[in-house]
J.: 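So that we are looking at the same thing, I have put the structure below in structure tokens.
In each ligand, atom 1 is the first atom listed, and ligand 1 is the first ligand listed.
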Amino acid sequence: METQSPESPLLSLVEQIKQAALQEQTQTLAPGSNPSTSPAPSHFQLLGLIDKLRLAVETPTETVLRLIYQPPQNAALRTVMDLGIFPLLMANGKRGVSAVELAERTGAERGLVVRLMRVITALGLCASPEFELYFANDKTPVLTQPIGRDGIPCIYDLTLPTLSQLPTYFREHSYLTPKEYSKSPMQWAVGQSQFEWLAAHKPRQALFNSYMASRRHGKPAWFDVYPVERLTDGVREHPEAVFLVDVGGNQGHDLVRFHDSFPDVKGQLVLQDLPKVVNKAPVGDGDGGRIVSMGYSFLDPQPVKGARAYYFRAIFHDWPDHICRKILVNTVSAMDPTYSRIIISDFVLPDTDVPLFQASLDIQMMSIGSGVERSERQWREMLDEAGLEITGIWCDNPGMESVIEAVRRGSAATAAAAAAAA
Ligand SMILES: C[S@@+](CC[C@H](N)C(=O)[O-])C[C@H]1O[C@@H](n2cnc3c(N)ncnc32)[C@H](O)[C@@H]1O
């Protein structure tokens, strides 16, 4: 058998992985570190190197075959979620669950269970050390928690019908980037774009809301990345003063998290989203009435004037540029030029080596509403066109969303914010 010299690219990659793994271990063992809430930067570096190693080891044919057979994996996982198999594995801990028992408990044919569970086991989502016997492993719990339990069916059902038609859409649309929300590939494929579809499919809307609230669990919040004293210093304290408006804040999970972390910040916290979404928002309990919810469409002028900050998380990536500009201009009209800031939490794509997750999300957002994941240049251009100026971008991890702060262009706050950043 041919041996590789220590200088071979493969072994050099293995050595880099070893070094990154040692760094990850050191960082995660450091006092005060909590890898489940704040993964170290080395974590993303390590994952990137592992991806490179796989590509280096795979033959080109193996790479192609791996890609070709991704859709059946997603379909098998979606079906297993429907059957409620993961909670059964969790409930039966060390005893495990046989295919016969899974068939009895789910009503599915045993032979089908076996075929689905082969995929699930190979994906590493459970263990099957004995013939037709399945055990939960360390990945199984997350599939019974909101991010997996609700996120997997919601995103599958929301996106797959369109994604399966995307090549046809482009063939029929001259390979032009979709630029209208109301003419998105999803509108063409299923007759509605993202938010209308969710509103018309109430169980999916409930899954979506739960997924939105859960997908940042175990990750830093915007205020862990952004220096909040830029907002709390010099804050106005009169009774009607609004500190933070979470625009498109879904059911208020981010505002609740902010309030829990900064209970003493002066001023109201306002949650805004479409009336149907915000009406059932579980905010108000235990926050001393500080969180006020308000049905509002950000396609209309912002009714809350002069807040300290207007916060948008994962909003602009849903929309094409011209709608984003409209949302921004609607907000600018309410901003106090010397006091208010816009805070955006979204991905800022690097110019090269865009992580696969972010590149894939861009295609998804384009498909379901002509949305876009943007680079720093695209953010700067878009905000500039809406009369805004970026005063800082914070990101402590290449795998995470950035926090962008912007003020009205030429406003006094520009100078103040720039001075504070210096
Ligand atoms: C991707 S979710 C982000 C939710 C939340 N900001 C988060 O990051 O978890 C987009 C949100 O925008 C809301 N939305 C959609 N159209 C809206 C509109 N015209 N006005 C206000 N909110 C809207 C949706 O209901 C949804 O809650």
J.: Quick one: nearest non-hydrogen protein atom to atom 17 (C) of ligand 1, plus distance?
T.: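 Checked against all protein heavy atoms, atom 17 (C) of ligand 1 sits closest to Phe298 CZ, 3.2 Å.
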J.: Just to check, does Phe312 reach to within less than 4.0 Å of ligand 1 when the distance is taken from its heavy atoms?
T.: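 Not so, Phe312 does not reach ligand 1.
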J.: Please could you name the atoms of ligand 1 that Val277 approaches to less than 4.0 Å, counting only its heavy atoms?
T.: 25 (O)
J.: Return the residue, atom name and 0.1 Å-rounded distance of the protein heavy atom closest to atom 2 (S) of ligand 1.
T.: Met212 SD, 3.6 Å
J.: How far is atom 12 (O) of ligand 1 from the closest protein heavy atom, and which atom is that?
T.: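 Result: Ile315 CD1, 3.6 Å.
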J.: What residue and heavy atom of the protein are closest to atom 1 (C) of ligand 1, and at what distance?
T.: Ala314 O, 3.3 Å
J.: Side chain or backbone, does Asp246 bring an N or O within less than 3.5 Å of an N or O on ligand 1?
T.: no
J.: Does Asp254 reach ligand 1 with a nitrogen or oxygen that is under 3.5 Å from one of the ligand's nitrogen or oxygen atoms?
T.: no
J.: Report the C-alpha separation of Glu401 and Trp222 in whole Å, then their side-chain angles, then the decisive distance to 0.1 Å, and conclude whether the side-chain contact (heavy atoms from CB on, under 4.5 Å) test is met.
T.: CA-CA 8 Å; Glu401 291 98 330; Trp222 66 277; over 6 Å; no
J.: Where is the nearest protein heavy atom to atom 9 (O) of ligand 1: which residue, which atom, and how far?
T.: His253 NE2, 2.7 Å
J.: I want to confirm something. Looking only at heavy atoms, which of Asn209, Asp273, Ile323 is nearest to atom 25 (O) of ligand 1?
T.: Asp273
J.: Just need the protein heavy atom nearest to atom 10 (C) of ligand 1, so name the residue and atom and give the distance.
T.: Asp318 OD2, 3.4 Å
J.: What I want to know is whether His317 and ligand 1 share at least one N or O pair that is separated by under 3.5 angstrom.
T.: no
J.: Would you check the N or O atoms of Arg215, main chain and side chain alike, for any that come under 3.5 Å of an N or O of ligand 1?
T.: yes
J.: Run the side-chain contact (heavy atoms from CB on, under 4.5 Å) test on Arg78 and Leu160 for me, step by step, so that the C-alpha distance in whole Å, both residues' side-chain angles and the decisive distance to 0.1 Å come before the verdict.
T.: CA-CA 11 Å; Arg78 175 72 185 87; Leu160 253 287; over 6 Å; no
J.: Side chain or backbone, does Trp319 bring an N or O within less than 3.5 Å of an N or O on ligand 1?
T.: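 No, Trp319 has no N/O under 3.5 Å of an N/O on ligand 1.
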J.: Only one of Asp321, Asp362, Asp351 clears salt bridge (charged side-chain N to carboxylate O under 4.0 Å, His left out) with Arg374; which?
T.: Asp321
J.: Could you tell me whether Gly248 and ligand 1 have an N or O pair separated by under 3.5 Å?
T.: yes
J.: Are Asp384 and Arg409 within salt-bridge range, i.e. N to O under 4.0 Å?
T.: yes
J.: Are Glu405 and Arg341 within salt-bridge range, i.e. N to O under 4.0 Å?
T.: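 Judged by the 4.0 Å cut-off on N to carboxylate O distance, Glu405 and Arg341 do form a salt bridge.
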J.: Exactly one of Leu116, Val80, Val114, Val113 should register a side chain to side chain contact (heavy atoms under 4.5 Å, CB included) with Leu102. Which one does?
T.: Val113
J.: Between His201 and Trp197, what is the ring plane arrangement, given parallel below 30°, perpendicular above 60°, and tilted in between?
T.: parallel
J.: Measure the spacing between CG of Asp346 and CD of Gln358 and express it to the nearest 0.5 Å.
T.: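 The distance works out to 10.5 Å.
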J.: List the steps, then state whether side-chain contact (heavy atoms from CB on, under 4.5 Å) holds for Phe312 with Ile327.
T.: CA-CA 10 Å; Phe312 297 84; Ile327 298 169; 3.7 Å; yes
J.: Any salt bridge linking Arg377 with Glu381? Criterion: basic side-chain nitrogen under 4.0 Å from a carboxylate oxygen.
T.: yes
J.: For Tyr296, take its heavy atoms, then give the atoms of ligand 1 lying under 4.0 Å from any of them.
T.: 20 (N), 21 (C)
J.: Could you tell me whether Phe258 and Phe243 have their ring centroids closer than 6.0 angstrom?
T.: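 Close enough - the centres of the two rings lie under 6.0 Å apart.
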J.: Among protein heavy atoms, which sits nearest to atom 19 (N) of ligand 1, and what does the distance come to when rounded to 0.1 Å?
T.: Ser297 OG, 3.1 Å
